[in-house]
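Following: one structure in structure tokens, then a few remarks.
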Amino acid sequence: MNNQLKALVFCVSLGLLSCNNKVDCNHEQKEDKEKVSDEKLDRFGITNREYLSAASKRALQWEYVENDWYRDFNPMKPLKGDLAYEEGVVRRDPSAMIKENGKYYVWYSKSTGPTQGFAGDVENDKVFPWDRCDIWYATSDDGWTWKEEGPAVLRGEKGAYDDRSVFTVEIMKHEDMYYLCYQAVKSPYTVRVKNTVGLAWSNSPDGPWTKSEEPILQPADNGIWKGTKQNRFLVEKKGDFDSHKVHDPCILPFNGKFYLFYKGEQMGEEILFGGRQIRHGVAIADNPKGPYIKSKYNPISNSGHEVVVWKTQGGIASLITTDGPERNTFQWSPDGINFEIRGAVKGANMPHAIGLNRTVEVPDDNPTKIFDWGLSHVYNSWDYQSIMRFDSKRMTSHVAKGEDDSRKDDEE
Ligand code: AAL
């Protein structure tokens, strides 16, 4: 969209949103309606500028109406070698992939045995598939056949903030150092437990890894539980969007700083728009090891689940999956904070826990190329998950079999 058109859309939005006096409002709306171009009305199929439904008004407020962010995911395919499904073993939440020493590297949560849940002895049981995990890693020449290399980061000693489980890891390489950030839980793992985010670093992707002595991120401390029942929905006060949990951390170097994106869970979580009330936040540091300061603008999404962020077009893009009214959308921000919807993704086959392929160069004119292929987990059962490979293609047109599509041929 050219700048003039953007300015016009902005003015229209202001006019439509800001008027509360009936006479002025009619006057302003009339002027605004006249400002919308015939071409734009024609594109959206709006017959009469005098009669704009609420949906038509919203469509006229869309700032970005190009079609280069659409992706269609194929069904996921199983991996070979050590990462093929293994009964009795949980391998889930793969990190992004990086390429080192001529091989792909991936890190992930690994545990064994079935999940007992919260009804029994939470001191000794395994409450979730991601409970009692360590972080392991694997390498591959081709991204299909993987060799499990061993553990990278283990749970801490009894009494440490990470003594119960370390899981849902992400990798960042910066200036020849490697950083793993991950979720950590201290025992006992109750439904009201507040988790933290830990960090480990090494000068080699094969370790050894040095762990931070303290978490680098904590949930907000401003919610109040109601009563003492192990129930995470009962609260006196909900607190910030991340008052209960800080999940799915991912650090990106950006504009000379380090942006730690994460998913927040709120005490007293609700179901909204048919999904869990999940939102993302960002905390920013001058150095990879922190301190990370939460942005005053948090939350920076109103939807989503696992964090999937990458750099493109001079800003940061995010794939919003699973929960909330804006699920299954690609979003982009110039600053890592103010995200706008850029395109939709077909819900079918959409991987739930994406590990991006960070070896891909992302050209400005194909900002979602990083999704050509990558890894995610699938639920083989509630007890056991395995890592599989996804692939997707960009679609910018929709033609019938045999139909001529002379607009352009950029189906890849
Ligand atoms: C996932 C992620 C986090 C949660 C659990 C394991 O969907 O959001 O990683 O802790 O489930």
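Ligands are counted one by one from 1 in listed order, and the atoms in each one are counted from 1 as well. Remember, it's a predicted structure, so these values are computed and weren't measured experimentally.
- No hydrogens or angles considered: a donor-acceptor pair under 3.5 Å links the side chains of Asn380 and Ser386.
- Side chain to side chain, Asp206 and Tyr137 meet the donor-acceptor criterion of an N or O pair below 3.5 Å.
- Given atom 10 (O) of ligand 1, the protein heavy atom at minimum distance is Gln183 NE2, 2.9 Å.
- Defined by atom type and a distance below 3.5 Å, a donor-acceptor pair is missing between the side-chain atoms of Tyr179 and Ser212.
- Set against the non-hydrogen atoms of Phe167, the atoms of ligand 1 under 4.0 Å away are 10 (O).
- Scanning both residues, Lys126 and Thr112, for their nearest heavy atoms gives NZ-O, 3.3 Å.
- In this structure, atom 11 (O) of ligand 1 lies nearest to the protein heavy atom Arg92 NH2, 3.4 Å.
- In this structure, Leu199 and Val197 have side chains that are not in contact, with every pair of non-hydrogen atoms separated by 4.5 Å or more.
- Residue-ligand proximity, Thr168 to ligand 1, at heavy-atom distances under 4.0 Å covers atoms 3 (C), 6 (C), 9 (O).
- Taking the six-membered ring for Trp and the full ring otherwise, the centers of Phe128 and Tyr189 sit less than 6.0 Å from each other.
- Checked against the 6.0 Å centroid criterion, the rings of Tyr178 and Tyr105 do not qualify as a close aromatic pair.
- The closest protein non-hydrogen atom to atom 8 (O) of ligand 1 is Lys263 NZ, 2.6 Å.
- If you look at Asn195 next to ligand 1, there are no close heavy atoms at all, none under 4.0 Å.
- The ligand atoms of ligand 1 that sit less than 4.0 angstrom from a heavy atom of His352 are 7 (O).
- For Lys245, the closest heavy-atom approach to ligand 1 does not fall below 4.0 Å.
- The distance from ligand 1 to the heavy atoms of Asp248 drops below 4.0 Å at these ligand atoms: 2 (C), 3 (C), 8 (O).
- When only non-hydrogen protein atoms are considered, atom 1 (C) of ligand 1 lies nearest to Glu306 OE2, 3.2 Å.
- Taking the six-membered ring for Trp and the full ring otherwise, Tyr104 and Trp373 have centroids separated by under 6.0 Å.
- Residue His305 has at least one heavy-atom neighbour below 4.0 Å for each of these atoms of ligand 1: 7 (O), 8 (O).
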